[in-house]
Amino acid sequence: MATVKVVITGPFNVGKTEFVRTLSDIPIVTTERRITDDLKSTKEETTVAMDYGQVKLDGDMFHLYGTPGQSRFDFMWEILSKEMNAFLVLVDSCNRDTLLEAKSLIRTFRRLSHKRKAPFLVVANKQDLEGAWPVERVKKALGFKDDVLVVPCVAKKKASVRQVMKELKALL
Ligand SMILES: Nc1nc2c(ncn2[C@@H]2O[C@H](COP(=O)(O)OP(=O)(O)OP(=O)(O)O)[C@@H](O)[C@H]2O)c(=O)[nH]1
Ligand SMILES: [Mg+2]
């Protein structure tokens, strides 16, 4: 049985905690706190340190570490990315503003994993919402060619998050 550490990152509010919660076999450990600044109109709580969950897939154990999305908690990125085997970068397919930030996150996490060259996927989340960009459009907006894989996702659906993991597994 292999043990795989996966980091789930992405900008604010894209669905990282939701992804870990839906996928995990165990109740997740979260560090969500009430939002007090001007982002509070978006939602009530945000991740300030990490989310943790785990899932067994085809006999392999995946340890899932969700990062905070706000850059003021970026000190956690380096800590969480230690020894990671793969990472996912989530974007909100309805919110173009998250794409530019995702691009810079991909650069950061590629740098953090430069020794291991951890494989990654871009996850175009919230595909169930009206006005969601299809993956091809997300990919184009990110300026990637075929070297970066972008996959669709609805983080509220178990079948969908499991499909993303299947595609990530194929890269390991
Ligand atoms: N419709 C829909 N809503 C989603 C989906 N994924 C997440 N959400 C919702 O989007 C909001 C943000 O989700 P979170 O999981 O808190 O996002 P996050 O990336 O962890 O946010 P931060 O930790 O604050 O950066 C919540 O209201 C979720 O229920 C999805 O695929 N579809
Ligand atoms: Mg979160």
Side-chain angles (χ1 to χ4, degrees), residues 5-55 62-82 84 86-109 112 120-139 141-142 149-168:
K5 176 176 177 180
V6 182
V7 171
I8 293 96
T9 191
F12 172 69
N13 197 45
V14 296
K16 302 175 293 295
T17 302
E18 190 82 41
F19 187 98
V20 176
R21 185 179 286 125
T22 305
L23 181 61
S24 182
D25 290 335
I26 60 163
I28 64 169
V29 180
T30 63
T31 57
E32 291 195 287
R33 295 290 179 272
R34 189 160 284 274
I35 297 174
T36 49
D37 60 17
D38 50 343
L39 288 173
K40 71 170 178 265
S41 57
T42 313
K43 61 172 184 167
E44 287 189 356
E45 291 189 315
T46 190
T47 305
V48 297
M50 63 177 261
D51 309 308
Y52 175 77
Q54 52 180 239
V55 62
F62 288 81
H63 296 276
L64 313 166
Y65 292 85
T67 73
Q70 297 182 64
S71 54
R72 64 196 174 98
F73 302 119
D74 62 1
F75 58 92
M76 284 305 297
W77 297 345
E78 202 173 329
I79 296 169
L80 294 176
S81 64
K82 286 226 166 76
M84 70 179 169
F87 62 99
L88 298 172
V89 182
L90 268 63
V91 302
D92 181 338
S93 309
C94 302
N95 183 351
R96 261 176 282 176
D97 297 346
T98 68
L99 294 180
L100 202 66
E101 209 180 321
K103 233 183 138 153
S104 115
L105 273 172
I106 291 168
R107 227 175 290 129
T108 303
F109 275 79
L112 289 169
F120 72 97
L121 288 176
V122 176
V123 179
N125 193 34
K126 305 197 187 183
Q127 284 289 318
D128 58 319
L129 293 180
E130 213 180 296
W133 279 12
V135 284
E136 278 312 315
R137 197 154 172 206
V138 171
K139 187 169 175 171
L142 284 167
L149 287 174
V150 185
V151 297
C153 182
V154 179
K156 287 168 174 274
K157 296 209 172 111
K158 201 153 188 122
S160 180
V161 294
R162 287 178 82 97
Q163 178 61 29
V164 171
M165 292 306 288
K166 207 171 149 186
E167 297 191 45
L168 184 67

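Atoms within a ligand are numbered from 1 in the order they appear, just like the ligands themselves. Keep in mind that the numbers below use all heavy atoms, side chains included, and drop hydrogens, waters and symmetry copies. What you see is a predicted model, and the numbers here were worked out from it, not measured in a lab.
- With Y65 as the aromatic partner, K82 does not meet the cation-pi criteria of under 6.0 angstrom to the ring centre and within 45 degrees of the ring axis.
- For atom 27 (O) of ligand 1, no protein heavy-atom neighbour is present inside the 4.0 Å cut-off.
- Of all atoms in ligand 1, listed by their number and element, those nearer than 4.0 Å to a heavy atom of G69 are 25 (O).
- In this structure, the protein non-hydrogen atom closest to atom 11 (C) of ligand 1 is N13 OD1, 3.5 Å.
- Relative to atom 21 (O) of ligand 1, the option among K43, M50, Q127 with the closest non-hydrogen atom is K43.
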Check: residues 99-108 side-chain donor-acceptor pairs under 3.5 Å, at least two apart:
{"from": "K103", "atom 1": "NZ", "to": "L142", "atom 2": "O", "distance (Å)": "2.7"}
{"from": "T108", "atom 1": "OG1", "to": "S104", "atom 2": "O", "distance (Å)": "2.9"}

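- Those atoms of ligand 1 with a heavy atom of T46 less than 4.0 angstrom away are 22 (P), 23 (O), 24 (O).
- For K139, the salt bridge (charged side-chain N to carboxylate O under 4.0 Å, His left out) partners two or more places apart in sequence, or in a different chain, are D146.
- Among Q127, K126, R137, the single residue meeting the side chain to side chain donor-acceptor pair (under 3.5 Å) criterion with S93 is Q127.
- The shortest N or O to N or O distance between T17 and ligand 1 is under 3.5 Å.
- Given atom 4 (C) of ligand 1, the protein heavy atom at minimum distance is K156 CE, 3.5 Å.
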Report the C-alpha distance between R21 and E32 in whole Å, list the side-chain angles of each, state the deciding distance to 0.1 Å, and finish with yes or no for salt bridge (Lys or Arg N to Asp or Glu O under 4.0 Å).
CA-CA 13 Å; R21 185 179 286 125; E32 291 195 287; 3.5 Å; yes
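- The aromatic rings of F109 and W77 sit tilted, their planes meeting at an angle between 30° and 60°.
- Of the protein's non-hydrogen atoms, the one nearest atom 31 (O) of ligand 1 is A155 N, 2.9 Å.
- Of all the listed residues (E18, K16, K126), K126 holds the heavy atom that lies closest to atom 10 (O) of ligand 1.
- With a cut-off of 2.8 Å, the protein N/O/S atoms near the Mg ion (ligand 2) add up to 2.
- Nearest protein heavy-atom contact of atom 6 (N) of ligand 1 is N125 ND2, 3.1 Å.
- Only the side chain of D128 comes within contact range of ligand 1, with a heavy atom under 4.0 Å; no backbone atom does.
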With a cut-off of 3.5 Å and sequence neighbours excluded, list every side-chain donor-acceptor pair involving residues 23-31.
{"from": "S24", "atom 1": "OG", "to": "I26", "atom 2": "N", "distance (Å)": "3.1"}
{"from": "S24", "atom 1": "OG", "to": "I26", "atom 2": "O", "distance (Å)": "2.7"}
{"from": "S24", "atom 1": "OG", "to": "Q54", "atom 2": "N", "distance (Å)": "3.1"}
{"from": "S24", "atom 1": "OG", "to": "Q54", "atom 2": "O", "distance (Å)": "3.3"}
{"from": "D25", "atom 1": "OD2", "to": "K56", "atom 2": "N", "distance (Å)": "2.9"}
{"from": "T31", "atom 1": "OG1", "to": "A49", "atom 2": "N", "distance (Å)": "3.0"}
{"from": "T31", "atom 1": "OG1", "to": "M50", "atom 2": "N", "distance (Å)": "2.9"}
{"from": "T31", "atom 1": "OG1", "to": "M50", "atom 2": "O", "distance (Å)": "2.9"}

